[in-house]
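Working notes for the structure below.
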Amino acid sequence: MKAAARRFSCHKVPVMPRYTPAEIETRWQQAWEKDGVFQATRNADKPKYYVLEMFPYPSGRIHMGHVRNYTMGDVIARYKIATGHNVLHPMGWDAFGMPAENAAMAIGGHPADWTYANIAEMKKQMKPLGLSIDWSREIATCHPGYYGQQQALFLDFLKEGLVYRKNAVVNWDPVDMTVLANEQVENGCGWRSGAPVERRELTQWFFKISDHSEELLSALDSLDNWPAKVKLMQANWIGKSRGLQFAFSTIEAPEGFDRIEVYTTRPDTLLGASFVGISPDHPLAKTLERDDEAVAAFCAECRKGGTTEEAIETAEKLGYDTGIRVRHPFDTAAELPVYIANFILMDYGTGAIFGCPGHDQRDFDFATKYDLPIISTFLPSEDASPKLSEAYVPQKSEKVFYNRGFAGDQWQTGEEAVDAAIAFCEDNGIGQGVTKFRLRDWGLSRQRYWGCPIPVVHCDDCGVVPEKKENLPVELPYDVTFDTPGNPLDRHPTWRNCACPACGKDALRETDTMDTFVDSSWYYARFTAPRADTPTDLEEAAYWMNVDQYIGGIEHAILHLLYARFFARAMQITGHLPEGAAEPFDALFTQGMVTHEIYQTRDGNGRPIYHLPEEVEKLTFQDKSVYVLKSKLTEEGYFKEGQEPSFRNSIAKAYTSFPHHAVEVIPSAKMSKSKKNVVDPLHIISNYGADTARWFVLSDSPPERDVEWTASGAEASYKHLSRVWNICDRVGEMDREAAGQGDEDLLRAMHKTIHDVTMGVESFGFNAAIAKLYAFTATLQKSKAGYAAQREAIMTLAQLMSPMTPHLSEDIWAHLGGEGLIVNAPWPKADEAMLVDDTVTLPIQINGKRRAEIQVPADMPKEEVEKVALAHEAVIRTLDGASPKKVIVVPGRIVNVVA
RNA sequence: GCGGGCGUGAUGGAAUGGUAGACAUACCAGACUUAAAAUCUGUUGGGGCGUAGCCCCGUGUGGGUUCGAGUCCCACCGCCCGCACCA
């Protein structure tokens with residue numbers, strides 16, 4: 001408790017009954033647990049509701065971001081329980097991954113021990129939040145009970161052709177000694193280690209996600225309750241394009257390269273071609289490289305660039321003229337040079353392009369540099385000059401004039417021209433229309449210990465053989481060490497050596513484990529039957545799926561959510577999910593972060609030193625504030641036990657006038673340990689209680705936006721909850737018989753609040769709902785109504801608050817004799833009749849500006865309202881004898897007089 | 001460069017095209033106190049006047065639609081996020 005509470009001993013102050021969250025919260029958590037109120041079981045009589053928050057990585061400590069995420073889910077879950085739904089609200093641990101191995105390498109110990117200890121610790125920290133979680137369904141992805149089923153899924157996927165093996169150039173992280181997915185490479189560096197990524201060729205396992213590109217893209221349209229932003233990001237990631245693929249025939253090219261295949265999304269500009277460009281990784285470039293040192297040097301130069309940030313920023317268009325020529329498909333007399341160019345990616349299309357400098361800025365820059373022709377194929381108008389000072393690249397939907405078109409009308413949009421050009425080329429045997437996707441197959445092999453073993457065996461005779469299902473799980477051996485880099489499974493002979501499941505001869509286990517994104521791609525389905533001895537139980541899955549509301553961070557917009565969507569489809573194909581569960585998350589909500597100011601001072605060399613919020617003190621004098629280090633205040637003798645409080649003012653005055661020890665305040669940023677701008681949920685809970693923390697993270701900002709944690713805001717939340725508790729106490733003491741005043745007004749306000757809060761919760765407008773609760777609390781506090789009305793009001797208030805502050809609400813409910821637990825009480829319903837007032841206040845506008853207001857009966861006819869309005873003194877004055885041009889009466893809302 | 005989002009008091013933010021600034025913070029004032037804390041009450045967008053009141057201006061800037069625009073449309077400025085040599 002705050003120091004303030006300790007000072008209550010002064011006898012003249014009436015000892016108020018105190019809100020004691022520590023006591024209240026444990027009491028009700030025990031009550032819920034005893035009654036098993038959050039245990040979910042199938043029940044055909046009730047509509048089901050599955051609410052899920054993205055499960056955490058067990059780092060060992062919860063942070064405010066978790067609190068916010070899980071509180072939002074909890075509000076939804078509890079609201080849905082109250083509205084008669086059968087709610088599933090589970091929790092688990094995304095428990096495989098590098099940090100456990102890093103810890104083992106850094107401090108010794110075993111990843112499993114480290115992980116399970118963290119899970120225990122984190123669960124202990126989460127419990128006091130009072131979340132409505134069915135802990136009986138808890139899963140940890142590192143438990144054989146989970147990953148064994150994941151292996152079973154893998155084998156079924158393998159049988160269905162959804163997984164395959166191929167040689168691939170992979171991104172090798174030299175620090176983590178592992179392969180990274182393309183998505184895990186950021187600016188040429190490993191997403192976790194930050195080390196520059198190298199290229200290596202290895203045999204790897206891949207999920208055939210690219211087979212589903214079209215479906216994963218088109219199905220985005222059906223996700224009405226997903227943020228448009230996330231859908232857009234996925235659509236861009238999948239990257240569909242339609243274009244033409246065709247070949248140029250070559251002149252003087254090496255053996256086997258009489259043709260160069262190119263892909264273009266602008267075949268309509270074919271007559272603007274002035275060169276052909278190939279990637280430095282194109283087979284032709286690689287062939288030339290072998291015999292020509294200059295080519296080799298150029299290609300090496302290109303490969304070097306592109307990984308560092310600086311190189312990307314300064315990247316100049318570089319080309320190397322190979323001397324090879326190609327014939328234009330429409331005019332075999334026209335020859336184009338073939339360049340190796342650094343800006344062409346081997347990964348995309350065919351790794352070769354034709355350059356059209358007239359309509360592509362990159363090609364334009366390139367052509368200018370190497371003095372190649374720039375040819376316009378279309379113009380903004382018929383008489384526009386075809387001479388260009390930069391590439392002409394209008395929107396594809398814009399109509400333009402084709403001066404060198406070959407298919408379709410002279411005036412047409414880019415889109416029409418592309419279609420016409422593809423059709424023309426197909427008819428004339430020049431090329432084919434091709435749809436391409438940017439999305440690659442998902443490489444899942446990782447050369448790590450702490451992940452799900454890939455359940456296959458390598459046999460000299462039989463090749464790659466799937467492990468038998470009855471031998472699952474292929475368990476990770478416990479006796480491993482991390483003193484040498486690389487994968488300990490590789491050096492574990494007794495684990496690695498095994499019998500071939502097909503022929504029984506000596507064979508070797510696959511030592512790669514799965515990307516941890518695999519673990520999180522199906523956990524939502526496992527929650528529906530977490531102990532089943534198959535990956536899912538179809539009946540359970542059919543009842544509970546899909547997740548009705550999924551809540552998590554925007555950082556998972558692409559990878560996790562795309563993989564999960566792919567997995568749901570793959571699980572459907574392999575019979576692990578029922579019909580209709582291809583899209584696992586009906587609604588998605590991405591919540592903002594919790595931020596905090598950063599407090600910084602500098603050392604003698606000007607380097608920043610960061611300070612925890614509790615290390616600084618805010619001193620305010622009049623309208624000036626300054627932050628000072630508490631240690632400074634103590635050093636200088638200003639901060640002593642029993643210090644005269646009035647002395648504070650003079651200190652504050654001194655510091656704000658001469659801010660010599662001022663701490664620099666950097667605007668709010670995501671809470672991070674390195675910047676020390678963190679607030680530990682455990683401290684907040686022990687100081688103020690979980691309800692305060694829950695209330696605050698919801699109250700100040702819309703949930704999709706970042707919320708700034710402030711000490712004063714948290715304090716205010718606590719005070720408010722105390723106030724509510726005190727009202728409850730006061731109502732409990734009231735004379736049951738004495739008549740009051742304004743019962744009706746209070747109940748009207750109550751019904752209005754029921755309506756507003758319900759709307760707020762339904763639409764994720766938690767901050768607005770809380771504002772209404774604040775307002776209603778103030779009304780209730782001032783109310784002189786009788787006992788019955790006040791009791792009804794505070795009980796309803798408790799119910800409306802219960803999704804956010806469940807413990808306080810239970811306590812109020814019990815204190816005033818509510819039946820059973822509030823968590824089981826049906827959600828209050830607003831009485832429509834009580835929402836409409838008998839008389840309404842209508843603002844009167846004159847020419848759109850508010851000038852007056854009138855009180856009229858709510859059901860007064862328009863004509864009457866108009867008469868009353870026109871009779872108003874302010875209206876008469878403004879009209880000054882003239883008659884109004886027009887009068888608009890919007891019943892119940894407004895009157896506008898047009899003078 | 002491409003795509004998306006957002007600009008409202010000192011601050012976080014409210015506002016189905018209908019009284020802009022709800023609610024909260026911060027500040028100031030008052031009550032209670034020897035005092036402070038706590039608690040409670042009240043004020044607070046800017047400007048003006050003949051100051052029980054009234055008027056003018058005000059949601060990034062400039063236009064437009066409308067009886068009426070923070071909200072819709074167009075252009076611009078600024079900030080944030082995502083993607084990015086994608087052929």
Side-chain angles (χ1 to χ4, degrees), chain A residues 2-8 10 12-14 16 227-230 232-233 235-237 239 241 243 262-266 277 279 306 312 315 317 341-345 347-356 360-363 365-366 393 436-438 554 557-558 618 620 622-625 643-649 668 696 699-702 705-708 710-713 715-717 719-720 722-723 726 759 765 767-775 777-778 781 841-853 874 884-888 890 892-899:
Chain A
K2 286 251 339 164
R6 271 187 267 121
R7 295 184 196 139
F8 261 120
C10 192
K12 281 195 182 167
V13 180
M16 301 240 297
K229 187 182 179 173
V230 173
L232 190 79
M233 285 164 77
N236 289 341
W237 191 260
S241 65
V262 299
Y263 173 69
T264 177
T265 53
R266 291 310 295 262
S279 163
I312 289 170
K317 309 278 172 279
N342 65 339
F343 62 91
I344 299 164
L345 307 173
D347 278 356
Y348 195 78
T350 59
I353 62 157
F354 76 81
C356 177
D360 183 298
Q361 193 56 43
R362 270 169 326 181
D363 295 349
D365 297 344
F366 191 86
V393 192
K436 289 210 183 280
F437 293 92
R438 207 185 74 117
I554 187 80
I558 298 175
K618 186 183 187 182
T620 304
Q622 288 172 349
D623 53 353
K624 278 190 242 166
S625 323
Q643 185 80 54
E644 270 291 310
S646 60
F647 193 48
R648 271 184 70 97
N649 267 331
S668 258
F696 181 74
S699 66
D700 256 21
S701 294
R705 261 192 249 178
D706 293 349
V707 64
E708 181 177 358
T710 60
S712 54
E715 183 95 7
S717 299
K719 283 181 193 169
H720 177 74
S722 304
R723 217 172 293 141
N726 289 339
M759 299 284 283
N767 57 326
I770 283 179
K772 302 290 184 190
L773 289 167
Y774 268 113
T777 306
Q781 191 161 31
T841 306
L842 290 185
I844 300 176
Q845 293 184 336
I846 300 170
N847 293 329
K849 294 194 175 175
R850 198 191 78 96
R851 280 296 124 92
E853 56 184 41
K885 288 209 188 85
K886 197 173 178 183
V887 178
I888 291 118
V890 183
R893 298 240 69 133
I894 204 160
V895 181
N896 192 8
V897 180
V898 185

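What you see is a predicted model; the values in this text were computed from it and never measured. Below, chain A is the first sequence line, B the second, and so on; all start at residue 1.
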- Task: Please state how far atom CG in A:Leu842 lies from atom P in B:C67, giving the value in whole angstrom units.
- Result: 21 Å
- Do the side chain of A:Asn896 and the main chain of A:Gly848 share a donor and acceptor less than 3.5 angstrom apart? yes
- Message: Rounding to an integer number of angstrom, what distance separates B:C6 and B:C54 when you compare their C1' atoms?
- Response: 38 Å
- Sugar-phosphate, base or nothing in reach of A:Lys849, heavy atoms under 4.0 Å: sugar-phosphate
- Query: What integer number of Å spans the C1' atoms of B:A26 and B:A10?
  - Reply: 7 Å
- Indicate whether OP1 or OP2 belonging to B:C56 is found under 4.0 Å from a side-chain N or O atom of A:Arg850. no
- Task: Using a 4.0 Å heavy-atom cut-off across all strands, classify A:Leu773 as base, sugar-phosphate, or nothing.
- Result: nothing
- Message: Going by the glycosidic torsion and a 90 degree boundary from 0, is the base of B:G9 oriented syn or anti?
- Response: syn
- Contact class for A:Ser699 vs. all strands (heavy atom < 4.0 Å): base, sugar-phosphate, or nothing? nothing
- When you compare B:G82 with B:G13, how far apart are their C1' atoms, in angstrom units rounded to a whole number? 25 Å
Using a cut-off of under 3.5 Å, enumerate the N/O to N/O pairs linking the protein to nucleotides 45-48 of chain B.
none

- Query: Just checking A:Thr264: base, sugar-phosphate only, or nothing, at a heavy-atom cut-off of under 4.0 Å?
  - Reply: sugar-phosphate
- Could you tell me whether A:Leu232 contacts a base, only the sugar-phosphate backbone, or nothing, with contacts defined as non-hydrogen atoms closer than 4.0 Å? sugar-phosphate
- Task: Round to the nearest Å and state the distance from A:Gln781 atom CD to B:C40 atom P.
- Result: 6 Å
- Item | P gap between B:C79 and B:C74, integer Å | 22 Å
- Counting just side-chain N and O atoms, does A:Lys719 come under 4.0 Å of either OP1 or OP2 of B:U39? yes
- May I ask you to verify whether the side chain of A:Arg893 and the base of B:U16 hold a donor-acceptor pair under 3.5 Å? yes
- Message: Can you tell me if A:Lys886 touches the phosphate of B:C67, counting only side-chain N or O atoms and a distance under 4.0 Å to OP1 or OP2?
- Response: yes
- Message: Rounding to an integer number of angstrom, what distance separates B:A15 and B:C83 when you compare their P atoms?
- Response: 30 Å
- Do A:Tyr348 and A:Ser279 have side-chain N/O donor and acceptor atoms under 3.5 Å apart? no
- Message: How many whole angstroms separate atom CH2 of A:Trp237 from atom P of B:G3?
- Response: 19 Å
- Does A:Asp363 reach the main-chain N or O of A:Cys356 with its side chain, forming a donor-acceptor pair under 3.5 Å? yes
- Query: Using 30° and 60° as the class limits, which term best fits the ring planes of A:Tyr774 and A:His720: parallel, tilted or perpendicular?
  - Reply: tilted
- Message: Using OP1 and OP2 only, check whether a side-chain N or O of A:Arg723 sits under 4.0 Å from B:C40.
- Response: yes
- Message: Counting the atoms with a prime plus P, OP1 and OP2 as sugar-phosphate, which does A:Glu708 contact under 4.0 Å by heavy atoms, base, sugar-phosphate, or nothing?
- Response: nothing
- Message: Nearest whole Å is fine: how far is B:G12 C1' from A:Ile770 CD1?
- Response: 13 Å
- Message: On RNA chain B, does the nearest nucleotide to A:Ser712 precede the nearest nucleotide to A:Tyr348 from the 5' side, or the other way round? Give the residue.
- Response: A:Ser712
- Task: Ignoring backbone atoms, establish whether A:Arg362 has a side-chain N or O less than 4.0 Å from OP1 or OP2 of B:C86.
- Result: yes
- Message: Side chain of A:Asn767, heavy atoms from C-beta onward: which of B:C85, B:A87, B:G13 has the nearest atom to it?
- Response: B:G13
- Message: What contact category does A:Val898 fall into here, base, sugar-phosphate, or nothing, at under 4.0 angstrom with non-hydrogen atoms?
- Response: sugar-phosphate
- Distance, C1' atom - from B:A69 to B:U8, rounded to whole angstrom: 14 Å
- Query: What does A:Asn896 touch in the nucleic acid at a heavy-atom separation under 4.0 angstrom: a base, only the sugar-phosphate, or nothing?
  - Reply: base
- Task: Take the protein atom NZ of A:Lys772 and the nucleotide atom C1' of B:A14, then report the distance between them rounded to whole Å.
- Result: 8 Å
- Within the structure, does a side-chain N or O atom of A:Arg705 lie under 4.0 Å from either OP1 or OP2 of B:G13? yes
- Query: When you compare B:A75 with B:G21, how far apart are their C1' atoms, in angstrom units rounded to a whole number?
  - Reply: 28 Å
- Dot-bracket for RNA chain B, 5' to 3', with Watson-Crick and G-U pairs under 3.5 Å, [ ] for crossing pairs and | for other-strand pairs: what is it? (((((((..(((.....[....)))(.((((.......)))).)(((((...)))))..(((((..]....))))))))))))....
- Item | Gap between atom CD1 of A:Ile888 and atom NZ of A:Lys886 - 0.5 Å precision | 5.0 Å
- Mark yes or no for whether A:Arg850, through its side chain, and A:Gln845, through its backbone, hold a donor-acceptor pair below 3.5 Å. no
- How close or far is atom P of B:C54 from atom CD1 of A:Ile846, stated in whole angstroms? 13 Å
- Note on the structure: Taking B:U19, B:C86, B:C67 as options, the one with an atom nearest any side-chain atom of A:Glu853 is B:U19
- Message: Categorize A:Asp360 for me: base, sugar-phosphate, or nothing, with a 4.0 angstrom heavy-atom threshold over every strand shown.
- Response: nothing
- Among the candidates B:C83, B:G12, B:C56, find the nucleotide nearest to the side-chain atoms of A:Arg851. B:C56
- Message: What's the gap between B:C57 and B:G63 when it is taken at their P atoms, as a whole Å value?
- Response: 15 Å
